[in-house]
Amino acid sequence: MAAIFGKIFVGVYVEIKRSDGRIHQAMVTSLHEDNDSVTVEWIENGDTKGKEIDLESVFALNPDVVPDEEIPQSPEAPVPPSNVAKASKVPKTRRTTSIPKPENAPRENRAAAVGTTRARPSQQNQAAESPPPAIAPQSALNQTLLQQQNARKKSNCVKEVEKLQEKREKRRLQQQELREKRAQEVDVNLPNYEIMCMIRDFRASLDYRPLTTNDLIEDHRICVCVRARPLNKKEISGKDLDVITIPSKDVVMVHEPKQKVDLTRYLENQTFRFDYTFDENSTNEMVYRFTAQPLVETIFERGMATCFAYGQTGSGKTHTMGGDFSGKNQDCSKGIYALSARDVFLMLKKPNYKKLDLQVFATFFEIYSGKVFDLLNRKAKLRVLEDGKQQVQVVGLQEKEVKCMEDVLKLIELGNSCRTSGQTSANAHSSRSHAVFQIILRKRGKMHGKFSLIDLAGNERGADTSSADRQTRSEGAEINKSLLALKECIRALGLNKPHTPFRASKLTQVLRDSFIGENSRTCMIATISPGMASCENTLNTLRYANRVKEFGISPSDIPFSQGGGGGGRCDLSPTYEVKELMVDPAAANGGRQGGLVNQLEVMEAQWGVGSSPQRDDLKLLCEQNEEEVSPQLFSFHEAVSQLVEMEEQVLEDHRAVFQESIRWLEDEKMLLEMTEEVDYDVESYATQLEQILDQKIDILTELRDKVKSFRCALSEEEQASKQITPKRPRAL
């Protein structure tokens, strides 16, 4: 080994200085002659850590390992025998020189001479046995260099392995430098500095392998993926922490801050696995490439495709589906809506599909509080009915024929401008409805295929069912119910269940044909916010997506770096069991059998509503989600569903009475005109007027009774909302 390392060899302990100023001992594991550095390792908090340090820093802290100065000899003086004996005792970690230097040579020249005439260990023994000549011939030196080059020839396999190792080392050094740079920029006065350090130390033990465009696109009938956005300006200004880590292409980790009884803070690292995971650097194009693009060909093969964006308000659903935002303006050409339409028109030009003579139509509507509105027809209210063939029809929905991408972009802009939105704490323009954009292929008027792209409402509104505002409660109940129904319909599609509870919500009722049939494919994009303040909503989103398609997770799925020690993994490894939601046993047993049944009987008696397919599907839905739906919440969903049905019935009867009142006015006008005649028939006048009044009384009395019953239903809904108990996560 070169003399530049002095008394340093593999296995010796030296003092090192950390980036934060700490000085402690570490063991030398390897020597790097090419860049005059050594690699050291040490154990910290049960985890083995390491870094590469230059020799100058090591010698500055460890003067006892500095190489000894070589005493120059005169070229005229003979070599004493004692020096030969000393040369034979030189340790293997140092190399001797075979050419003596002049006594008056400067130190730089001596160093250069040592660097150019270093001998291999095998040559050291030869040099020790026989005294070296005064000046080595040039031919002998060239021959020695040639022998060294031949000895260093290696196989291609070894060279490739060394290249991979060099790349890995460079990547680790870059990550280490980036971490050290970030550590220097961190403000110690941050409110969650301790949590931030824990997250940083955990991330340092991972070997990142994120999803890239070179990865293979897998074929899934049901694809579930997760997309994390970067921290926004509001979160950065509030000094919020990023608690989301995506170490590989199918794993996402949430670092949930916890506190023990003694007020000690710690991290609970929860791990989820999906088909794909997209980090904050992923673009809409990349997300589309792995999610919706494989579904485009399905609709050309007479299939039904569906793509959902699910998540809390402000997590990036509308950005993913609709396009990039620049302030309040949205670039619709960058969203999955437009990208899907672009590929549809490209597929139409292919020879095997061009001969089918297909036409492309588009619809855009929203579902808000259980009601359907046409976004392409001045937000006209639509009715969802089943025909005699049990096919769901959206009555009055307008289909616009599109010829090119520009037509699609105009429709998207028109629909987005009409969509129902409101201001929340997370977003100034929060979507309060489910937006459904459909691309329909028709052949001679008959449907050939349909691609439904849905931007769902924020899932945190689904939990807001105890608000004092009835409109907000109704919104939350409908969103909650539709998301549960959507999950069960997708699960039924994946498991080929004989019954799909699509009647449980208006959303799944409209999308019924997308969940039935062997040639149906679905993709769900769960969008999450990275901030620590959104940790609870993020976990709810990931648990929901995990239940749509059950994924197993094991410790081997987490890409720990090879440099990390085995002892530290037990402390840093996340909890692999996804926590479920707990229902009070007393409420689940006694409440569901006693109070709930009685309340349903009261509703049936008062509202005159018996068993129906909608109610059966809702009951099945709640039975399949007992962990999430308490008996009181089921009762509230029942009340809201009945309330929506009664509201539609009252409105329909009121319109009928209004139309009938116009006819009554015309009849009464004719009667009054008859009385202006001199010899009008008084008996006929009295008889006709009595008939009109009787009709009025009967119809208005019936409408009044329905309105009274509707008001009772409103009070029942309010009482049911007050009995809802909040769900608590089950302790580990």
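Each residue takes its place number in the sequence, starting with 1. The structure presented is a predicted model; accordingly, all values stated were derived computationally and were not measured.
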Subject >> Phe364 versus Asn416, closest heavy-atom pair with distance >> reply: CZ-OD1, 3.8 Å
Subject >> Exercise: do Asp279 and Ser282 side chains pair donor with acceptor under 3.5 Å >> reply: yes
Original post:
Could you give the distance from CZ (Phe365) to NE2 (His434), rounded to the nearest 0.5 Å?
Top reply: 11.5 Å
Original post:
Is any side-chain heavy atom of Asn519 less than 4.5 Å from a side-chain heavy atom of Met304?
Top reply: no
Subject >> Partners meeting side-chain contact (heavy atoms from CB on, under 4.5 Å) with Thr245 (sequence neighbours left out) >> reply: Arg203, Leu206, Tyr208, Pro247, Met253, His255
Subject >> CG-CZ distance between Asp242 and Arg200, expressed to the nearest 0.5 angstrom >> reply: 14.0 Å
Original post:
Is any side-chain heavy atom of Arg229 less than 4.5 Å from a side-chain heavy atom of Asn232?
Top reply: yes
Original post:
Judged by atom type as modelled, is there a donor-acceptor pair below 3.5 Å linking the side chain of Lys249 to the main-chain atoms of Asp215?
Top reply: no
Subject >> Side-chain touch Pro294/Ile217, heavy atoms, less than 4.5 angstrom >> reply: yes
**OP:** Identify the two heavy atoms, one from Phe437 and one from Ala362, that lie closest to each other, and give their separation to 0.1 Å.
**Re:** CZ-CB, 4.1 Å
**OP:** Could you tell me whether the side chain of Thr527 and the main chain of Tyr310 form a donor-acceptor pair under 3.5 Å?
**Re:** yes
Original post:
Of all heavy-atom pairs between Ala292 and Ser340, which one has the smallest distance, and what is that distance?
Top reply: CB-OG, 4.2 Å
Original post:
For residues 475-498, which residue pairs qualify under ring pair (Phe, Tyr, Trp, His ring centres under 6.0 Å), counting only residues two or more places apart or in two chains?
Top reply: none
Original post:
Salt bridge between Glu285 and Lys334, side-chain N to carboxylate O under 4.0 Å?
Top reply: no
**OP:** Evaluate the ring planes of Phe278 and Tyr276, with Trp represented by its six-membered ring, and classify them as parallel (under 30°), tilted (30 to 60°) or perpendicular (over 60°).
**Re:** tilted
Original post:
Do Cys223 and Met524 have side-chain heavy atoms sitting under 4.5 Å apart?
Top reply: no
**OP:** Step through the shown structure and confirm whether more than 12 heavy atoms of other residues, nucleotides or ligands are within 6.0 Å of NZ on Lys381.
**Re:** yes
Original post:
So does Asp357 pair up with Arg444, basic N to acidic O under 4.0 Å?
Top reply: no
Subject >> From CD (Gln438) to OH (Tyr337), nearest 0.5 Å >> reply: 10.5 Å
Original post:
How long is the gap from NZ on Lys506 to OG on Ser482, to the nearest 0.5 Å?
Top reply: 12.0 Å
Subject >> Phe274 and its side-chain contact (heavy atoms from CB on, under 4.5 Å) partner, picked from Val548, Val252, Val251 >> reply: Val252
Original post:
Taking Ser237 for the side chain and Lys233 for the main chain, is one N or O donor matched with an acceptor at less than 3.5 Å?
Top reply: yes
Subject >> Partners passing side-chain hydrogen bond (donor to acceptor under 3.5 Å, both in side chains) against Thr320 (at least two apart in sequence or in another chain) >> reply: Arg227
**OP:** Would you tell me whether Gln293 and Asp343 have side-chain atoms, one donor and one acceptor, within less than 3.5 Å of each other?
**Re:** yes
Original post:
Looking at residues at least two apart in the chain, or sitting in another chain, which of them share a side-chain contact (heavy atoms from CB on, under 4.5 Å) with Lys355?
Top reply: none
**OP:** Measure the shortest side-chain to side-chain distance between Ile246 and Pro210 over non-hydrogen atoms and say whether it is less than 4.5 angstrom.
**Re:** no
Original post:
Should we count CD of Glu169 as having more than 12 external heavy atoms under 6.0 Å?
Top reply: yes
Original post:
Under 4.5 Å between any side-chain heavy atoms of Val436 and Glu366, yes or no?
Top reply: no
Original post:
Rounded to the nearest 0.5 Å, how far does OG1 of Thr291 lie from CE of Met286?
Top reply: 11.0 Å
Original post:
So which heavy atom on Gln270 is nearest to which on Glu256, and how close?
Top reply: NE2-OE1, 2.9 Å
Original post:
Where the side chain of Lys443 meets the backbone of Gln359, is there a donor-acceptor pair that is under 3.5 Å apart?
Top reply: no
Subject >> Partner set under salt bridge (charged side-chain N to carboxylate O under 4.0 Å, His left out) for Asp513, not counting sequence neighbours >> reply: Lys450
Subject >> Any residue meeting side-chain contact (heavy atoms from CB on, under 4.5 Å) with Glu280, in chain and number order, not counting sequence neighbours >> reply: Pro230
**OP:** Just grab all the salt bridge (Lys or Arg N to Asp or Glu O under 4.0 Å) pairs involving residues 393-402, residues at least two apart or on different chains.
**Re:** Glu399-Arg442, Glu401-Lys403
Original post:
Under the salt bridge (charged side-chain N to carboxylate O under 4.0 Å, His left out) test, which residues partner Arg221, sequence neighbours left out?
Top reply: none
**OP:** Would you please name every residue forming a salt bridge (charged side-chain N to carboxylate O under 4.0 Å, His left out) with Arg171, sequence neighbours left out?
**Re:** none
**OP:** Please check if any side-chain donor atom of Thr277 sits under 3.5 Å from a side-chain acceptor atom of Asp250, or the reverse.
**Re:** no
Original post:
Could you give the distance from CG (Leu486) to CD1 (Ile490), rounded to the nearest 0.5 Å?
Top reply: 4.0 Å
Original post:
Does a side-chain heavy-atom distance below 4.5 Å link Cys535 with Thr538?
Top reply: no
**OP:** Please lay out, stage by stage, how Val254 and Ile244 fare under the test side-chain contact (heavy atoms from CB on, under 4.5 Å).
**Re:** CA-CA 5 Å; Val254 182; Ile244 301 298; 3.7 Å; yes
**OP:** Decide side-chain contact (heavy atoms from CB on, under 4.5 Å) for Ile336 and Ile525; before the verdict, give the C-alpha distance in whole Å, the side-chain angles of both, and the deciding distance to 0.1 Å.
**Re:** CA-CA 11 Å; Ile336 290 182; Ile525 305 171; 3.6 Å; yes
**OP:** Inspect the contact between Asp219 and Arg521 and indicate whether a charged nitrogen and a carboxylate oxygen are less than 4.0 angstrom apart.
**Re:** yes
Original post:
Between Tyr353 and Phe300, what is the ring plane arrangement, given parallel below 30°, perpendicular above 60°, and tilted in between?
Top reply: tilted
Subject >> Sequence-distant partners of Arg491, side-chain contact (heavy atoms from CB on, under 4.5 Å), two or more places apart >> reply: Lys487, Glu488, Glu550
Taking distance alone, no hydrogens or angles, what donor-acceptor pairs closer than 3.5 Å link side-chain atoms of residues 370-377 to residues at least two apart or in another chain?
from   : atom 1 : to     : atom 2 : distance (Å)
Asp374 : OD1    : Leu376 : N      : 3.0
Asp374 : OD2    : Gln398 : N      : 3.2

Subject >> Closest contact, heavy atoms only, Ala457 versus Ile479 >> reply: CB-CD1, 3.7 Å
Subject >> Ser534 to Glu235 - nearest heavy-atom pair and separation >> reply: OG-OE2, 4.4 Å
Original post:
Can you name the residues that form a side-chain hydrogen bond (donor to acceptor under 3.5 Å, both in side chains) with Thr508, not counting sequence neighbours?
Top reply: Ser505
**OP:** Please test Phe451 against Val296 for side-chain contact (heavy atoms from CB on, under 4.5 Å), starting from the C-alpha separation and ending with a verdict.
**Re:** CA-CA 7 Å; Phe451 196 172; Val296 174; 3.9 Å; yes
Subject >> Verdict with supporting geometry, Lys354 and Lys349, side-chain contact (heavy atoms from CB on, under 4.5 Å) >> reply: CA-CA 6 Å; Lys354 191 174 182 179; Lys349 296 179 181 179; 5.7 Å; no
Original post:
Hey, is the main chain of Gln509 close enough, under 3.5 Å, to the side chain of Arg503 for a donor-acceptor pair?
Top reply: no
Subject >> Side-chain heavy atoms of Leu441 within contact of Val344, under 4.5 Å >> reply: yes
